[in-house]
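Worksheet for the structure shown next.
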Amino acid sequence: MTMAKRDTYTPESLLAVAVAVFNERGYDGTSMEHLSRAAGISKSSIYHHVRSKEELLRRAISRALDGLFAVLDEPGATAGPAVDRLEYVTRRTVEVLISELPYVTLLLRVRGNTDTERWAMERRREFDHRVAALLKQAAADGDLRADVDVRLATRLLFGMINSVVEWYRPQRGNAATSEEVADAVIRTAFAGLRAH
């Protein structure tokens, strides 16, 4: 039985198990033994796919970051008025967050205790700064309300988007679709942000 399982395990399926365990136990609270038990394979089988637990963390976080950064290069994020690009990036960020929920959840929970976590936090800050720059440009263009502090609006917007990882549970069968969640975020945030 173990041999069959080992033959069918892939780096991708191992990564999915690792992310689930990291999110449940915390990265620091997870050992290779925990991962081995959760995957139903030996520790040596895990080492066949990766060098270390931290490599699994880096792969998982990279998947989340790659999805988020890809949004910034899409045509809707690069052309047109800054406020429209900001709205597009907000929508797509919510959609990526939901489609890569376990991976983005892990990204948002790293605390900087390892080199990989510090790298992830720096990349997150870079992403946040690029989105904040869109918000600042939209404000400078006069497309956002003048009575809204841009720095505060940036924090609130990210807070709303990032909170999705805490409550969105599609497996419960009653969750909204990613499009419905994105629509709600856009309506809530931009009704208060856009200059009328």
Side-chain angles (χ1 to χ4, degrees), residues 1-72 90-128 131 155 158-182 184-185:
M1 184 74 165
T2 304
M3 183 66 91
K5 207 165 195 152
R6 188 177 308 137
D7 289 344
T8 60
Y9 245 87
T10 65
E12 191 61 30
S13 59
L14 177 60
L15 186 61
V17 169
V19 169
V21 176
F22 291 158
N23 281 333
E24 179 184 322
R25 299 186 61 86
Y27 175 74
D28 291 333
T30 300
S31 68
M32 289 302 268
E33 182 64 34
H34 293 124
L35 296 175
S36 168
R37 278 192 302 234
I41 59 176
S42 68
K43 285 193 275 187
S44 63
S45 294
I46 293 174
Y47 287 118
H48 174 73
H49 294 291
V50 294
R51 290 183 304 276
S52 65
K53 180 178 86 161
E54 192 162 354
E55 183 180 333
L56 284 167
L57 178 66
R58 189 173 188 99
R59 286 183 184 185
I61 289 171
S62 292
R63 179 168 163 167
L65 286 165
D66 289 350
L68 292 170
F69 274 93
V71 167
L72 299 177
T90 301
R91 172 180 298 285
R92 290 288 295 124
T93 299
V94 171
E95 291 170 354
V96 168
L97 188 149
I98 290 173
S99 70
E100 299 291 347
L101 189 62
Y103 299 89
V104 177
T105 299
L106 183 60
L107 170 65
L108 294 176
R109 290 183 177 166
V110 298
R111 297 291 170 245
N113 297 329
T114 67
D115 288 341
T116 296
E117 289 178 287
R118 286 185 287 279
W119 165 81
M121 291 174 74
E122 185 57 38
R123 294 284 288 153
R124 258 186 70 193
R125 277 191 290 278
E126 181 185 339
F127 180 82
D128 293 354
V131 177
R155 288 189 179 112
F158 281 118
M160 185 181 349
I161 294 168
N162 293 344
S163 75
V164 173
V165 303
E166 300 303 328
W167 58 264
Y168 186 79
R169 299 292 176 264
Q171 67 273 21
R172 292 188 185 150
N174 60 359
T177 66
S178 63
E179 186 176 308
E180 290 168 334
V181 174
V185 169

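All values below were derived from every heavy atom in this structure, side-chain atoms included, with hydrogens, water molecules and symmetry-related copies excluded. In this text the structure is predicted, and so the values were computed from the model without any measurement. By convention here, the first residue in the shown sequence is residue 1.
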Practice item. Indicate the atoms forming the closest heavy-atom contact of Thr30 with Arg25, along with that distance. Key: OG1-CB, 3.5 Å

Exercise for review: Calculate, to the nearest 0.5 Å, the distance between atoms CD1 and CH2 belonging to Ile61 and Trp119 respectively.
Suggested key: 7.0 Å

Exercise for review: In plain terms, say whether Glu55 and Arg59 are close enough for a salt bridge, that is, a side-chain N and a carboxylate O under 4.0 Å apart.
Suggested key: yes

Check your understanding: Are Asp128 and Arg125 close enough for a salt bridge, meaning some N to O gap below 4.0 Å?
Key -> no

Exercise for review: Step by step, work out the side-chain hydrogen bond (donor to acceptor under 3.5 Å, both in side chains) result for Ser42 and Ser44.
Suggested key: CA-CA 5 Å; Ser42 68; Ser44 63; 3.0 Å; yes

Check your understanding: Under the 3.5 angstrom rule, does the side chain of Glu100 hit a backbone N or O of Gly67 as a donor-acceptor pair?
Key -> no

Review point. Any idea which heavy atoms bring Leu15 and Leu56 closest together, and the distance?
Key: CD1-O, 3.3 Å

**Study point:** Close side-chain approach of Leu35 and Met32, heavy atoms under 4.5 Å
**Key:** yes

**Study point:** Distance, nearest 0.5 Å, that separates OG1 of Thr114 from NZ of Lys53
**Key:** 9.0 Å

Review point. Is the backbone of Ile41 close enough, under 3.5 Å, to the side chain of Ser36 for a donor and an acceptor to pair up by distance?
Key: yes

Point to revise | Exercise: identify the closest heavy-atom pair between Arg91 and Ala182 | key: NH1-CB, 3.8 Å

**Study point:** Heavy-atom closest pair, residues Glu126 and Phe69
**Key:** OE2-CE2, 3.8 Å

Practice item. Just do the side chain to side chain contact (heavy atoms under 4.5 Å, CB included) check on Leu57 and Leu106 with the steps written out, would you? Key: CA-CA 9 Å; Leu57 178 66; Leu106 183 60; 3.8 Å; yes

Exercise for review: Taking Asn113 for its side chain and Asp28 for its backbone only, find out whether a donor-acceptor pair lies under 3.5 Å.
Suggested key: no

Point to revise | Tyr168 side chain near Val94 side chain, heavy-atom distance below 4.5 Å | key: no

Check your understanding: Between His48 and Ser45, does any side-chain donor sit less than 3.5 Å from a side-chain acceptor?
Key -> no

Check your understanding: For the atom pair CZ (Arg63) and CG (Leu68), what is the distance rounded to the nearest 0.5 Å?
Key -> 12.0 Å

Exercise for review: Could you walk me through whether Ser13 and Thr10 pass the side-chain hydrogen bond (donor to acceptor under 3.5 Å, both in side chains) test, one step at a time?
Suggested key: CA-CA 5 Å; Ser13 59; Thr10 65; 3.0 Å; yes

Check your understanding: Atom OH of Tyr27 and atom CZ of Arg111: how far apart are they, to the nearest 0.5 Å?
Key -> 15.0 Å

Revision key, fill the gap. Heavy-atom closest pair (Ala39 atom, Val17 atom, distance to 0.1 Å) is N-CG1, 3.8 Å

Review point. Could you state the interatomic distance from OG1 (Thr116) to CZ (Arg58), rounded to the nearest 0.5 Å?
Key: 5.0 Å

Exercise for review: Measure across Ile161 and Leu97 and return the closest heavy-atom pair with its distance rounded to 0.1 Å.
Suggested key: O-CD1, 3.5 Å

Practice item. Given side chain to side chain contact (heavy atoms under 4.5 Å, CB included), test Tyr103 with Val96 step by step and report yes or no. Key: CA-CA 10 Å; Tyr103 299 89; Val96 168; over 6 Å; no

Practice item. Would you mind checking if Arg92 and Glu95 are paired as a salt bridge, meaning a charged N to carboxylate O distance below 4.0 Å? Key: yes

Point to revise | Interatomic distance, Phe158 atom CZ to Phe127 atom CZ [nearest 0.5 angstrom] | key: 6.0 Å

Review point. Would you call Arg109 and Glu117 a salt bridge, using N to O less than 4.0 angstrom?
Key: no

**Study point:** Neighbour count above 12 (heavy atom, 6.0 Å) for Glu179 CD
**Key:** no

Check your understanding: His34 side chain to Ser31 main-chain N or O, any donor-acceptor pair under 3.5 Å?
Key -> yes

